[in-house]
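By convention here, the first residue in the shown sequence is residue 1.
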Amino acid sequence: MLRPNVPVNPLPTGNVTPLIQATTAAAVEPTAPVPVPAPVVPNRGTSVQLTPGSVVALAAGGGAVVLVVGAVLVSMLLAVAITGVSVAVCAVVLKSLMNQERKR
């Protein structure tokens with residue numbers, strides 16, 4: 001019941017490549033190895049030149065990134081603090097309710 005039936009296709013489908021006949025060793029002529037050209041090394045004398053406008057843009061972009069990351073971190077810290085305070089208030093209320101039950 002759970003055994004798969006895989007169909008067998010007796011004829012190949014699609015493009016069939018013909019069998020390549022092997023050549024004999026006498027038909028192959030040895031050739032000299034081709035020298036590999038040396039890799040071209042880029043000139044390292046060039047450097048990035050910053051204009052005053054690009055320096056101001058980089059400083060403003062860096063400042064914006066610092067402000068955004070700082071705001072995200074402060075908001076996460078605030079969320080953790082609010083959660084901790086609410087759990088503490090719940091604990092105090094539950095303790096108070098349990099103490100009132102014991103006094104009765």
Side-chain angles (χ1 to χ4, degrees):
M1 179 175 132
L2 296 176
R3 292 185 184 186
N5 292 328
V6 180
V8 178
N9 190 1
L11 298 174
T13 58
N15 296 335
V16 178
T17 58
L19 179 63
I20 299 173
Q21 299 294 331
T23 58
T24 61
V28 177
E29 296 179 11
T31 59
V34 178
V36 178
V40 178
V41 178
N43 186 3
R44 299 208 184 254
T46 61
S47 63
V48 177
Q49 295 182 0
L50 299 175
T51 62
S54 62
V55 170
V56 170
L58 283 174
V65 168
V66 167
L67 289 176
V68 168
V69 170
V72 168
L73 291 177
V74 167
S75 64
M76 289 173 64
L77 180 64
L78 186 61
V80 170
I82 290 172
T83 304
V85 168
S86 66
V87 168
V89 167
C90 289
V92 169
V93 169
L94 284 174
K95 186 175 180 181
S96 172
L97 289 174
M98 291 180 73
N99 284 338
Q100 284 180 0
E101 286 293 323
R102 289 182 186 158
K103 289 180 181 178
R104 289 183 187 180

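Using a 4.5 Å heavy-atom cutoff, the side chains of Leu97 and Glu101 are not in contact.
Under the 4.5 Å side-chain heavy-atom criterion for grouping Ile, Leu, Val, Met, Phe, Trp and Tyr, Val55 is connected to Leu58 within one hydrophobic cluster.
To the nearest 0.5 Å, atoms CD1 (Ile82) and CG (Leu77) are separated by 10.0 Å.
Contact detail for Thr83 and Ala79: the closest heavy-atom pair is OG1-O, 2.8 Å.
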